[in-house]
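What you see below is based on every heavy atom in this structure, not just the backbone, and it leaves out hydrogens, waters and symmetry mates.
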Amino acid sequence: MLSLNPKTLSPSPFNPRSFVIPKKPSISSPSLYVNSTTCCQPNQITERGILFYTGDTFFRHESATGRDLGVLSAALYKQSKGQLRVLDAMCGCGIRSLRYLVESKADFVLANDANESHRRVILDNLAQVERLEGEKKRWVVTHCEANRILTDCYLQRDYFDYIDLDSFGSDSSFFLRAAFSSLKLDGLVYVTSTDGYSSGGHRPFHSLSAFGAYVRPMPYANELGLRILIGGAVREASVLGYRVTPLFSYYSYHGPVFRVLLRMNRGKLPEKRDYGFICYCNRCGNSQAVSWDELGQIRCPCNNSTKDAASLVVSGPLWTGPLHSGAYIMEMLNLAEQWGWVGKAAGTGLEKLLKRMLEESDPRLPFGYIKLDEVPPMVASRAQTNTPSISTIMSSLHKEGYAASRSHIAHNAIKTDCPMAGCIRIAKKIHGC
């Protein structure tokens with residue numbers, strides 16, 4: 001286990017071995033913003049007006065939105081703190097590193113990828129930005145296993161403002177402790193998981209070893225994927241005496257991909273209401289948060305006997321608090337508007353996502369969501385009537401004083417503080433039952 005020393009506000013510069021970089025035209029800012037990635041020629045891609053090469057590296061066009069969110073958050077940090085040092089621990093072809101330099105105006109980026117055969121592609125891409133600015137380096141490329149580069153930075157007291165961990169499966173959980181050790185206080189970690197099997201409750205012992213949470217099948221599995229990722233980060237940070245809070249949480253179906261931006265500060269575990277267990281009743285469709293001291297006393301209001309208790313499933317411990325900070329999402333939305341990434345000429349994808357995240361930030365909304373066309377829980381099935389439209393049922397919920405929003409995770413689902421019985425009653429009322 002790593003032991004901690006006090007973190008410095010002015011870390012010494014990281015100085016790995018030098019290398020020769022081919023001369024290329026410099027880029028000070030993206031010349032053109034486009035709405036999506038488009039192929040120009042084999043292995044040549046344009047994203048947000050930035051041309052780069054993918055070579056033989058693994059690259060997903062569909063992950064552009066996740067990169068947009070990362071660039072926006074890094075730029076907000078630079079605007080707030082006046083400096084930005086980024087460690088891209090698994091940089092692939094280097095497109096995220098390049099975008100942090102060009103769009104987020106990072107002062108320095110350490111682009112690391114364990115596969116040294118990617119070096120030529122990464123160098124060609126980053127060489128579009130001048131490596132030196134006076135006597136200071138703007139970027140450096142290394143080829144180490146992620147934990148090693150993170151640990152080396154910690155040992156040299158070379159702390160970063162922003163660390164991007166874009167790994168496969170549940171691998172990020174193995175890098176988190178080293179990442180927190182090499183991060184400045186109030187710094188940001190952008191962490192990834194693609195482990196959909198664990199979030200679906202299909203590998204409970206794997207989720208237990210990777211995230212410290214035993215996960216059972218529940219109807220909002222993809223939200224659980226985000227919550228176990230945050231919960232695992234909360235656990236790893238607390239070991240080192242830190243506390244992390246999510247600024248935004250993003251799910252994308254391709255992969256699937258779970259991405260969370262976390263802010264780290266000194267502190268203890270969060271309040272028990274934000275880190276505990278989730279209980280779901282297969283009989284009535286209701287969910288409830290369960291604290292540590294309530295374990296062994298779990299009962300759903302619809303259950304009156306020990307036999308009925310078999311309908312309950314429990315997952316955790318995991319994050320049960322908010323997935324987003326509403327104020328932070330608004331800052332991202334405002335910046336995206338300034339950059340021309342949202343609005344009539346920019347398409348609706350990013351704007352729709354950020355506005356939906358903003359709706360989900362309502363503090364009255366609990367965890368989980370209700371799918372309107374699947375069992376369980378399906379309002380139509382339980383009400384024995386046709387499914388009302390999402391807009392109709394949300395309007396009715398609002399009229400009765402309940403909080404309700406769409407979910408960015410599932411297009412056919414709503415988040416609400418209305419109990420399942422209330423949703424059924426409203427569905428029947430809409431259909432005149």
Side-chain angles (χ1 to χ4, degrees), residues 69 73 165 170 172-177 179-180 188-196 198-201 204 206-251 256-265 267-280 287-295 313-329 357 360-369 405 407-410 415 417:
L69 296 176
S73 60
L165 294 173
S170 54
S172 282
S173 61
F174 305 118
F175 309 132
L176 282 171
R177 197 173 300 187
F180 292 138
L188 305 178
V189 173
Y190 195 23
V191 63
T192 312
S193 170
T194 61
D195 189 356
S198 291
S199 65
H206 181 84
S207 65
L208 185 62
S209 63
F211 304 104
Y214 192 90
V215 179
R216 303 287 303 281
M218 293 183 176
Y220 37 84
N222 292 326
E223 183 172 316
L224 287 183
L226 294 171
R227 294 191 176 279
I228 63 175
L229 180 57
I230 300 171
V234 166
R235 181 189 64 171
E236 293 300 319
S238 67
V239 171
L240 303 174
Y242 299 130
R243 177 175 178 174
V244 295
T245 52
L247 296 179
F248 71 76
S249 307
Y250 168 60
Y251 165 79
V257 177
F258 307 89
R259 297 223 72 180
V260 177
L261 182 71
L262 303 163
R263 175 177 284 154
M264 185 195 79
N265 280 294
K268 301 178 181 179
L269 281 170
E271 297 180 16
K272 61 181 181 180
R273 63 184 178 87
D274 287 339
Y275 184 66
F277 299 82
I278 290 177
C279 176
Y280 174 75
S287 299
Q288 58 182 308
V290 179
S291 63
W292 293 81
D293 53 4
E294 292 174 325
L295 292 175
V313 291
V314 180
S315 294
L318 42 69
W319 179 258
T320 58
L323 291 177
H324 321 288
S325 162
Y328 193 81
I329 296 296
M357 286 178 170
E360 292 177 320
S361 302
D362 188 333
R364 296 174 295 169
L365 294 174
F367 51 79
Y369 48 76
S405 80
S407 168
H408 88 274
I409 298 173
K415 296 177 68 69
D417 58 349

**OP:** Assess whether side-chain hydrogen bond (donor to acceptor under 3.5 Å, both in side chains) is satisfied between Ser287 and Tyr220, documenting all intermediate values.
**Re:** CA-CA 11 Å; Ser287 299; Tyr220 37 84; 2.6 Å; yes

Original post:
Between Arg243 and Asn265, does a side chain to side chain contact (heavy atoms under 4.5 Å, CB included) hold up when you go through it step by step?
Top reply: CA-CA 5 Å; Arg243 177 175 178 174; Asn265 280 294; 5.8 Å; no

**OP:** Would you please test Phe180 and Val189 for side chain to side chain contact (heavy atoms under 4.5 Å, CB included) and show each step?
**Re:** CA-CA 8 Å; Phe180 292 138; Val189 173; 4.0 Å; yes

Subject >> Within-4.5 Å side-chain heavy-atom neighbours: Leu262 and Pro246 >> reply: yes

Subject >> Ser207 side-chain N/O to Ala213 backbone N/O, donor-acceptor pair under 3.5 Å >> reply: yes

Original post:
Do the ring centers of Phe248 and Tyr190 come within less than 6.0 Å of each other?
Top reply: yes

**OP:** Indicate yes or no for a side-chain donor-acceptor contact from Glu360 to the backbone of Leu323 under 3.5 Å, with no hydrogens or angles considered.
**Re:** no

Subject >> Side-chain H-bond candidate by donor/acceptor type, Thr192 with Arg259, under 3.5 Å >> reply: yes

Original post:
When you look at Tyr328 and Ser361, which way does the side chain to side chain contact (heavy atoms under 4.5 Å, CB included) test go after all the steps?
Top reply: CA-CA 10 Å; Tyr328 193 81; Ser361 302; over 6 Å; no

Original post:
So, does Trp292 use its side chain to make a donor-acceptor pair with the main chain of Tyr275 at under 3.5 Å?
Top reply: yes

Original post:
Quick one: are Leu226 and Phe367 in side-chain contact, heavy atoms under 4.5 Å?
Top reply: no

Original post:
Can any side-chain N or O of Arg227 pair as donor or acceptor with the backbone N or O of Gly321 at less than 3.5 Å?
Top reply: yes

Original post:
Side chains of Asp362 and Ser405: closer than 4.5 Å at any heavy-atom pair?
Top reply: no

Subject >> Test item: Asp274 and Val234 side chains (from C-beta on) under 4.5 Å apart, heavy atoms >> reply: no

**OP:** For the pair Tyr250 and His408, evaluate side chain to side chain contact (heavy atoms under 4.5 Å, CB included) and give the outcome as yes or no after the intermediate values.
**Re:** CA-CA 8 Å; Tyr250 168 60; His408 88 274; 4.2 Å; yes

Original post:
Hey, are the side chains of Val290 and Val314 touching, using non-hydrogen atoms and a 4.5 Å cut-off?
Top reply: no

**OP:** Flag the pair Glu294 / Phe277 as yes when at least one side-chain heavy-atom distance between them is below 4.5 Å, and no otherwise.
**Re:** no

Original post:
Just by distance, with hydrogens left out, do Asp195 and Ser193 show a side-chain donor and acceptor under 3.5 Å apart?
Top reply: no

Subject >> Polar side-chain atom of Glu236 near backbone of Arg177 as donor-acceptor pair, under 3.5 Å >> reply: no

